[in-house]
Novice: 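Got a structure for you, questions after.
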Amino acid sequence: FLAVSSSGRQAHVWVEADPGHIGSGRELAVPFPVEAADFSPDGRRLVLGAADGHWQAWDTETLAPVAAAAQTGVPLHEVIFGPDGKTVLVLFGEGRLGLWDAETGRALWPARHHGNLAKTIFSAEFSRDGRFLVTAADDFSAQVWAVPSGAPVGRPLRHEKLVYSARFGANGLRVVT
């Protein structure tokens, strides 16, 4: 599948007909303007988010919502499924992030700041086992987080310049920025 979001209240989900050709698209009516999209690792769910703080998970086969739209109360700019497909990481303006249950829309940990000076989180990635998360932000730092609790793991990884990206190594024990 390929999902393309637009600034309107719709998203297009494209079904691949064969490896060299993308098949026909299906329009998905969404109750909010779509700003961000991500597929679950197994491809069975699609999460869509809006700048006004709404997000919702959808079944990719039926295009039916999995649950009612969740409202974070804070403008968001990115939604990312966790490796288990059961959690959704939401990145907000003002350098904040939060983790939600994809099926119920319930906050697993509330929005928290990447750092006191961060205004934008540029990237976020889960470790392959889903136990950790790393973020990179405009406060010249990267931060590793414990996923179950949302607590920072160690001190921020400080840099002399902006940190646009942070990624885990294959074994989940190293971070590159």
Side-chain angles (χ1 to χ4, degrees), residues 3 5 7 11 30 32-41 45-58 66-67 69-177:
S5 61
S7 60
V30 181
F32 48 79
V34 178
E35 170 119 349
D38 191 30
F39 283 104
S40 62
R45 300 281 190 261
L46 168 67
V47 63
L48 301 173
D52 70 359
H54 282 91
W55 67 268
Q56 190 167 22
W58 305 79
V66 174
Q71 172 55 271
T72 64
V74 182
L76 66 85
H77 66 89
E78 188 68 73
V79 288
I80 304 166
F81 264 109
D84 62 2
K86 297 177 182 176
T87 54
V88 174
L89 176 69
V90 178
L91 302 182
F92 304 102
E94 300 175 5
R96 294 186 285 176
L97 64 153
L99 192 70
W100 274 262
D101 182 295
E103 300 283 322
T104 66
R106 182 179 61 86
L108 299 175
W109 35 276
R112 59 201 58 213
H113 278 68
H114 169 90
N116 291 337
L117 302 176
K119 297 291 183 213
T120 302
I121 297 174
F122 294 125
S123 77
E125 182 181 63
F126 286 94
S127 60
R128 288 185 184 185
D129 63 9
R131 293 178 36 220
F132 298 100
L133 170 72
V134 63
T135 55
D138 65 348
D139 66 347
F140 306 111
S141 76
Q143 179 67 58
V144 176
W145 307 85
V147 171
S149 66
V153 176
R155 298 193 326 216
L157 307 170
R158 298 273 176 218
H159 294 67
E160 292 181 14
K161 296 187 178 189
L162 290 176
V163 183
Y164 289 104
S165 180
R167 298 287 183 248
F168 282 102
N171 64 7
L173 300 176
R174 292 188 175 132
V175 171
V176 63
T177 60

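Every value quoted in this text rests on a predicted model; they were computed, and no experiment measured them. Residues take their numbers from the sequence shown, with the count starting at 1.
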Novice: Quick one, Glu125 with Phe168, criterion side-chain contact (heavy atoms from CB on, under 4.5 Å). Give me CA distance, side-chain angles, the key distance, then yes/no.
Specialist: CA-CA 7 Å; Glu125 182 181 63; Phe168 282 102; 3.8 Å; yes
Novice: Is it the case that atom CD in Glu94 sees more than 12 heavy atoms from other parts of the structure closer than 6.0 Å?
Specialist: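 At most 12 heavy atoms, drawn from other residues, nucleotides or ligands, come within 6.0 Å of this atom.
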Novice: With a 4.5 Å heavy-atom cut-off, do Phe122 and Asp138 have their side chains touching?
Specialist: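 Heavy-atom side-chain distance check passes, below 4.5 Å.
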Novice: In Å and rounded to the nearest 0.5 Å, what is the CD to NE2 distance from Glu35 to His54?
Specialist: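 Output value for this atom pair is 14.0 Å.
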Novice: Is any side-chain heavy atom of His113 less than 4.5 Å from a side-chain heavy atom of Gln143?
Specialist: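 His113 does not reach Gln143 side chain to side chain.
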Novice: When you measure from the side chain of Ser40 to the backbone N and O of Gly85, does any donor-acceptor pair fall under 3.5 Å?
Specialist: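 Answer holds: no.
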Novice: For Pro110, does its backbone N or O pair with a side-chain atom of Arg112 as donor and acceptor, under 3.5 Å?
Specialist: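 Looks like yes, one N/O pair under 3.5 Å.
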Novice: Any chance CZ of Arg167 has more than 12 other-residue heavy atoms, nucleotides or ligands included, within less than 6.0 Å?
Specialist: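 Check passes, neighbour count above 12.
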Novice: So does Phe81 get a backbone contact from the side chain of Asp38, meaning a donor-acceptor N/O pair under 3.5 Å?
Specialist: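 Here the side-chain-to-backbone pair exists.
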Novice: Kindly indicate whether the side chain of Leu97, heavy atoms from C-beta on, has any atom under 4.5 Å from the side chain of Trp109.
Specialist: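 Yes, their side chains come closer than 4.5 Å.
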Novice: Identify the two heavy atoms, one from Ala166 and one from Thr177, that lie closest to each other, and give their separation to 0.1 Å.
Specialist: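 Closest heavy-atom pair between Ala166 and Thr177: CB-CG2, 4.0 Å.
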Novice: Between Ala102 and Ala57, what is the shortest heavy-atom contact and its length?
Specialist: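 Closest approach of Ala102 to Ala57: O-CB, 3.7 Å.
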Novice: Examine distances only and state if a side-chain atom of Gln56 and a backbone atom of Leu48 form a donor-acceptor pair shorter than 3.5 Å.
Specialist: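 Not a single qualifying donor-acceptor pair exists.
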Novice: Verify whether one side chain among Trp145 and Thr135 offers a donor that lies under 3.5 Å from an acceptor in the other.
Specialist: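 Judged by distance alone, the side chains do pair up.
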Novice: At what distance, to the nearest 0.5 angstrom, does OG1 of Thr104 lie from NZ of Lys86?
Specialist: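 Result: 12.0 Å between the selected atoms.
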Novice: Please give me the minimum heavy-atom distance between His114 and Ala137, naming the atom from each residue.
Specialist: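 Here His114 and Ala137 meet closest at CD2-CB, 3.3 Å.
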Novice: Specify whether Trp100 and Phe92 have parallel, tilted or perpendicular ring planes, treating 30° as the upper limit for parallel and 60° as the lower limit for perpendicular.
Specialist: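 Taking Phe92 first and then Trp100, their aromatic rings stand perpendicular (interplane angle over 60°).
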Novice: For Ser141 and Arg158, which heavy atoms make the closest approach, and how far apart are they?
Specialist: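 Shortest heavy-atom separation between Ser141 and Arg158 comes out as CB-NH1, 3.5 Å.
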Novice: What are the two closest non-hydrogen atoms of Gly115 and Asp139, and how far apart are they?
Specialist: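 What the structure gives for the nearest pair is CA-OD2, 3.7 Å.
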Novice: Side chains of His77 and Thr120: any donor to acceptor distance under 3.5 Å?
Specialist: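 Note: Thr120 and His77 side chains miss the donor-acceptor criterion.
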Novice: Where the side chain of His159 meets the backbone of Leu157, is there a donor-acceptor pair that is under 3.5 Å apart?
Specialist: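 Yes, His159 side chain to Leu157 backbone: donor-acceptor pair under 3.5 Å.
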Novice: Between CG of Leu46 and CZ of Phe39, what distance do you get to the nearest 0.5 Å?
Specialist: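 Separation between the atoms: 5.0 Å.
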Novice: Which heavy atom of Phe126 sits nearest to which heavy atom of Ile80, and what is that distance?
Specialist: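 The answer is CE1-O, 4.1 Å.
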Novice: Is the closest side-chain heavy-atom distance between Leu162 and Phe140 below 4.5 Å?
Specialist: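 Yes, their side chains come closer than 4.5 Å.
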Novice: May I ask you to decide if Gly172's main-chain N or O and Ser127's side chain share a donor-acceptor pair within less than 3.5 Å?
Specialist: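 It does not hold such a pair.
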Novice: Just how far is it from atom CG of Leu89 to atom CD1 of Ile121, taken to the nearest 0.5 Å?
Specialist: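 Rounded to the nearest 0.5 Å, the CG-CD1 separation comes out at 7.5 Å.
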